[in-house]
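Working notes for the structure below.
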Amino acid sequence: MTYNFNEIDAKWQKYWAENQTFKAVNNSKKPKYYVLDMFPYPSGAGLHVGHPLGYIASDIYARYKRHQGFNVLHPQGYDSFGLPAEQYAIQTGQHPALTTAENIKTYRRQLDQIGFSFDWSREVRTSDPSYYKWTQWIFIQLFNSWFNNNTSKAEEITELEKIFASEGNANVNAVCDDNIEVFSAEEWNGYTSEKQQKILLQYRLTYLAETEVNWCPALGTVLANDEIVNGVSERGGHTVVRKKMTQWSMRISAYAERLLQGLDTIDWTDSLKESQRNWIGKSVGASVTFNVIASETKQSHVIDVFTTRPDTIFGVSFMTLAPEHDLVSQITTPEQKADVEAYILATAKRSERDRMADVKTISGAFTGAYAEHPFTKEPIPVWIGDYVLAGYGTGAVMSVPCGDQRDYDFAKHFNIPIINIFSPLSPKGGTKNSDDLIAAEAFTEKDGFTLKNSGFLDGMNYKKATKRAIYELEQLGFGEGKTNYRLRDAVFSRQRYWGEPFPVYYVDGMPQMIAAEHLPIRLPEVEKYLPTETGEPPLGNATVWAWDTTKNEVVSNDLIDDKTVFALELNTMPGWAGSSWYFNRYMDSTNENEFASQEALNYWKDVDLYIGGSEHATGHLLYSRFWQKFLFDKGVVPVDEFAKKLINQGMILGTSAFVYRVDIVLQLQDFKWTEDKTESPYLELHSNKVFISYNLVKPFLDKTENVIIEDKILEKKIIEIISPKLKDKFKKALKETGKELSIKVSNLISPIHADVSFVNASDELDIDAFKNWRKEFKDAEFILENGVYKVGRDVEKMSKSKYNVVNPDDIVADYGADSLRLYEMFLGPLEQYKPWNTAGITGVHNFLKKLWKLYVDDNGIKVNDAEASKDALKTLHKTIKKVQEDIENFSFNTSVSTFMIAVNELTTQKCTSKDVLEPLLVLISPYAPHIAEELWSLMGNEESISTAAFPEFDASHLVESAKNYPISFNGKMRFTLELPLDMSKEAIETTVLAHEKTQEQLQGRTPKKVIVVPGKIVNIVG
RNA sequence: GCUGAAGUGGUGGAAUUGGUAGACACGUUGGACUUAAAAUCCAAUGUCCAUUAGGACGUACGGGUUCAAGUCCCGUCUUCAGUACCA
């Protein structure tokens, strides 16, 4: 009997599907365990070998937990709304729903053949109306909520209305828009409904507001901050500009503190938590109010600033506002108006990216206005400068040049006085006093100084002065202690088609929610997926997209009368909407009446192990935590963190193959540029014609530039190859110019990606396959080494454009699913980035063949009831111990090695005992479930191996009587000596010293010291 | 700049609370089997010196602690990732 992996894979995959082996139940006497993968976006390209890495790890863990007696929930689904499907629809006119369904089919086939133990009965798709019905429902809940700062949680908006009606908003401590007007109960009750709605909108957790957004013209949509990388869009790398638009936003800033605190309660990686902390960006300090000194014609203004260093307030020598700051136009004096306006115009022209790229150039303008120092009452000039960001804090800073490098540079540049307020306790550079220091740069440390020139703060250190400054500001009513967060509210509208429609219609411009019982509001059909001619989002193309408030259904736009039929929202929700709560839906994914039943939510509670990529650190993982906390406040979910433990799997990189194109240039001899430079001195024979083998590249390049061919053998060869083509070019060039040509081979070589499937394990290129690959390579010539063309190799991210993608389908066909699973784990630690190299898979494949042979020979299964040998039991139990430890530490690579060692040992021992081979199979089955099931059933078991209990480790089998001690001299191991483990320290010392090899090493010297660590080592110091 | 992770043979990577560095594989070399190839099996494989016995050096670099350091401490360098005028 041979190991026929393809048959075995198919047989057991069918068995698992038919018997619903991995279906989880929502109540059980067993303890629950929820293992989740970040669900995939089903792209048209399908899976490559990098994608299943995390799924394999989580699958091993899920299977392990089942063996341990847990009721395991291990679901899978698709994040199926998104931009690529829409872009494809725009290009081809195919409905995104169709292409998405096709892509999902491919994904499912690819996933199935790897043998995952997913409970597919719980599959979710975010683009499915039965799913996004509840995404819409959550949106409505957010709309109907506000954040009470006194209780630090979300509460019903109807409660807020009651407060407004009975006592106004003066005492309401809510997270809301900045510029809220204060009103009494009488005023509130007298407001029109429209005005009341407008005010309430400023308190809701999702709100409609004119905000400055990141507009991406190429994609025709806005982007969230985390969708922008280095100033360009994450998808496509298009430019992004700032633009004011009316958009839905999510008031995630309300949860900033809880999102920060919650990090301490979950077992996520430090780097990921650090990213989130960074993104939330908490800073503690004070807000300070500066009065603008009123000129005779103007009304009074104040400038609010946020500072983390209220202790340095006496060092303020100017103030700086962001150019976009609202006050700028109001306080600028007529004399400075021209300057200021010119500066604002100049900064507005600079894109976000330019501003980021160029942080060194100092620029700004004086407004002509002065503010008053709250303590000294001295006038302080007010400047504007683009180093102050409109989006952070209040968009204005009190500038302390002696204590902040940016303020310092600005002051130096514009000759603004720098007041020194620091007396260093131990000045840098020894003898220098603080004034000398300040002459060169700002002093930004928080310790090592006391204050001077600072009135009542003189002589105090940072801590004391900060406290006192805040106290004094509060006494004067000019400020208070304040905590500021970098986290901005998240824009929630997208001008796209393929996303969740909002359950929203508009009456007199005010948004109205559609009642939950009428959900889902289905995505309408459109003719075109592009924005409309009037610049509206793609849903503007829909003809049936109005809400009839009497029939409670979506009707034709023609019926809009603004009395009972109203226009629906044209934006759709962003990609992260559906992914922010899907982990809860899996608990009860087919429930039509609820988001998920309370019973299911209380049973499964949260994800015990979540595995996915680190690229979601500040997007999906932050938004999901936000929604979870909100749903917890509403009493919908029982816990306020959705994932207890999270592991980021590393990326599997591709090993790209390169061929080296020689760029050949013909040059006219003694050529001089003509005046108008229209005549080119070069004729470039654009290659794709001559490729040089990898190991010849370096010798070729080491020669001086543009060597004359005739002298060099290599180039001679090149010219021979290309000469027929060249002849025509020569003739033509000679005729046209009447000049001599010299033929030069440039020393430029361009590496070009070749498809990795053309290359064998020895890096040799299949030249014919390469030639047939693309038209331009059809008549290419190859300069070989030792009769073959060798490619160069480099490790890069796997991608279609680099032709280094390895398809798991091929691996599964050639080696079987178990080989793929084992190899992905064997490559290295789960979290690490590591290159894929298909050649290496023979190692694990051979292991599986050896495993097969351990159980099966030509006559069939050879496992019997023979008594297990001591050695075999020892091998088994050390394997149980190691594998169990490894799985629990997510060290899957080392457990594969352990299996290899075990099988090698048992093969040597000729073990056939069921007592050893049966438990061994259970150990291996999470990793290689197909072969395990097959051997398990060959051994006569009727039930799936997944129902077997994990073997118990018995330490008694590992008890040793002797230890092979390493004997070292001055820490260097010289020989080993087998001694009984129960030997005393003294006896060991005597025995070792008496040993002839010891005497040889010592050569008559007396050792100074002998270290004996029983059971470990002997070290002789001499 | 800041934050986080990491640096070990030709390659991927092992190494428990400091205790035999290089497990397990890939690759390479040699051998067996074969008409041959593939497959399989056996052996060798950190570098250098030495016929052998054996020795020296070795975990990015420089110091230190220790009987003993890949592991701990101080400093430096490099790579990767995230973030960036955050007041």
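In this structure, A/Tyr387 and A/Phe410 have tilted ring planes: the angle between them lies in the 30° to 60° band. The aromatic rings of A/Phe899 and A/Phe847 lie parallel to each other, with less than 30° between the two planes, well short of the 60° mark. Ring geometry, A/Tyr815 versus A/His845: the interplanar angle exceeds 60°, so the pair is classed perpendicular (tilted spans 30 to 60°).
Within the nucleic acid shown, A/Val1021 comes within 4.0 Å of sugar-phosphate atoms alone, with no base atom in reach, counting heavy atoms only. Heavy atoms of A/Lys849 sit under 4.0 angstrom from primed sugar atoms or phosphate atoms, though from no base atom. Among the heavy atoms of the strands lying under 4.0 Å from A/Thr842 are primed sugar atoms or P, OP1, OP2 only; no base atom is included. Using a 4.0 Å heavy-atom cutoff across all strands shown, A/Asn1019 reaches at least one base atom of the nucleic acid. The residue A/Ser897 sits close to a base: some heavy atom pair falls under 4.0 Å.
The A/Met973 side chain lies nearest to B/U20 when the options are B/U40, B/G4, B/U20. Side-chain atoms of A/Lys963 lie closest to B/U20 of the nucleotides B/C26, B/U20, B/C24. For A/Lys850, the side-chain atoms get nearest to B/C41 when compared with the rest of B/C41, B/U20, B/C85.
The phosphate of B/G82 (OP1 or OP2) has no side-chain N or O of A/Thr618 nearer than 4.0 angstrom. Checking the phosphate oxygens (OP1, OP2) of B/A25, a side-chain nitrogen or oxygen of A/Asn904 falls inside 4.0 Å. Between A/Asn484 and B/C86, a side-chain N or O to OP1/OP2 separation shorter than 4.0 Å is absent. In this structure, A/Arg277 does not reach the B/U83 phosphate: none of its side-chain N or O atoms is under 4.0 Å from OP1 or OP2.
Looking only at distances, a side-chain donor or acceptor of A/Thr307 sits under 3.5 Å from a matching main-chain atom of A/Arg309. Side-chain N or O atoms of A/Tyr823 include none that pairs as donor or acceptor with a backbone N or O of A/Gly843 at under 3.5 Å. A side-chain donor-acceptor contact under 3.5 Å links A/Thr655 to the backbone of A/Trp836.
The separation of B/G13 from B/U59, taken at their C1' atoms, amounts to 13 Å, rounded to a whole angstrom. Between B/U35 and B/C42, the two C1' atoms lie 23 Å apart (nearest whole Å). On the C1' atoms, B/U8 is 15 Å away from B/U78, given to the nearest whole Å. Rounded to the nearest Å, the gap between the P atom of B/U76 and that of B/C2 is 11 Å. The gap from the P atom of B/G63 to that of B/G54 amounts to 32 Å, rounded to the nearest Å. As rounded to the nearest Å, B/G30 and B/A81 have C1' atoms that lie 44 Å from one another. Comparing the P positions of B/G10 and B/G75 gives a spacing of 31 Å, expressed to the nearest Å. Of the P atoms belonging to B/U29 and B/A39, the separation is 14 Å, rounded to the nearest Å.
Nucleotide B/A50 has no partner under the Watson-Crick or G-U criteria, as no pair reaches both atom distances under 3.5 Å. Across all strands shown, B/U83 forms a Watson-Crick or G-U wobble pair with B/G1, both key distances being under 3.5 Å. Across every strand in view, B/A38 sits unpaired, with no contact that passes the Watson-Crick or G-U test at under 3.5 angstrom. When Watson-Crick and G-U wobble pairs are counted only if both distances are under 3.5 Å, B/G12 pairs with B/C24. Pair check for B/A68 finds none; no Watson-Crick or G-U wobble contact set falls under 3.5 Å.
A side chain to side chain contact (heavy atoms under 4.5 Å, CB included) with A/Val992 is found for one member of A/Val1012, A/Val1010, A/Leu979 and no other, namely A/Leu979.
Comparing A/Asn846 and A/Leu272, the nucleotide of RNA chain B nearest to each residue sits closer to the 5' end for A/Leu272. Between A/Ile901 and A/Lys1009, the residue whose closest nucleotide on RNA chain B is further toward the 5' end is A/Ile901.
By the 4.5 Å heavy-atom criterion applied to side chains, A/Arg974 and A/Ile1020 are not counted as neighbours.
Syn is the glycosidic conformation of B/G9, whose angle stays within 90° of 0.
With salt bridges taken as basic N to acidic carboxylate O contacts below 4.0 Å, none links A/Glu989 and A/Lys985. In summary, A/Arg277 and A/Glu274 engage in a salt bridge, as defined by a charged side-chain N under 4.0 Å from a carboxylate O.
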Contact letters for nucleotides 53-63 of chain B, in which S counts primed atoms plus P, OP1 and OP2 and B counts the base, heavy atoms under 4.0 Å: --SSS------

Sub-3.5 Å pairs of nitrogen or oxygen atoms, protein against nucleotides 8-18 of chain B:
unit_1	atom_1	unit_2	atom_2	d
B/G12	O2'	A/Leu827	O	2.5
B/G13	OP1	A/Gln832	NE2	2.8
B/G13	O3'	A/Asn893	ND2	3.4
B/A14	OP1	A/Asn893	ND2	2.9
B/U17	O4	A/Lys1016	NZ	2.4

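Taking the salt bridge (charged side-chain N to carboxylate O under 4.0 Å, His left out) definition, one finds that A/Asp267 meets it with A/Lys645, sequence neighbours left out.
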Trace of the side chain to side chain donor-acceptor pair (under 3.5 Å) decision for A/Ser656 with A/Asp794: CA-CA 5 Å; A/Ser656 301; A/Asp794 199 7; over 6 Å; no

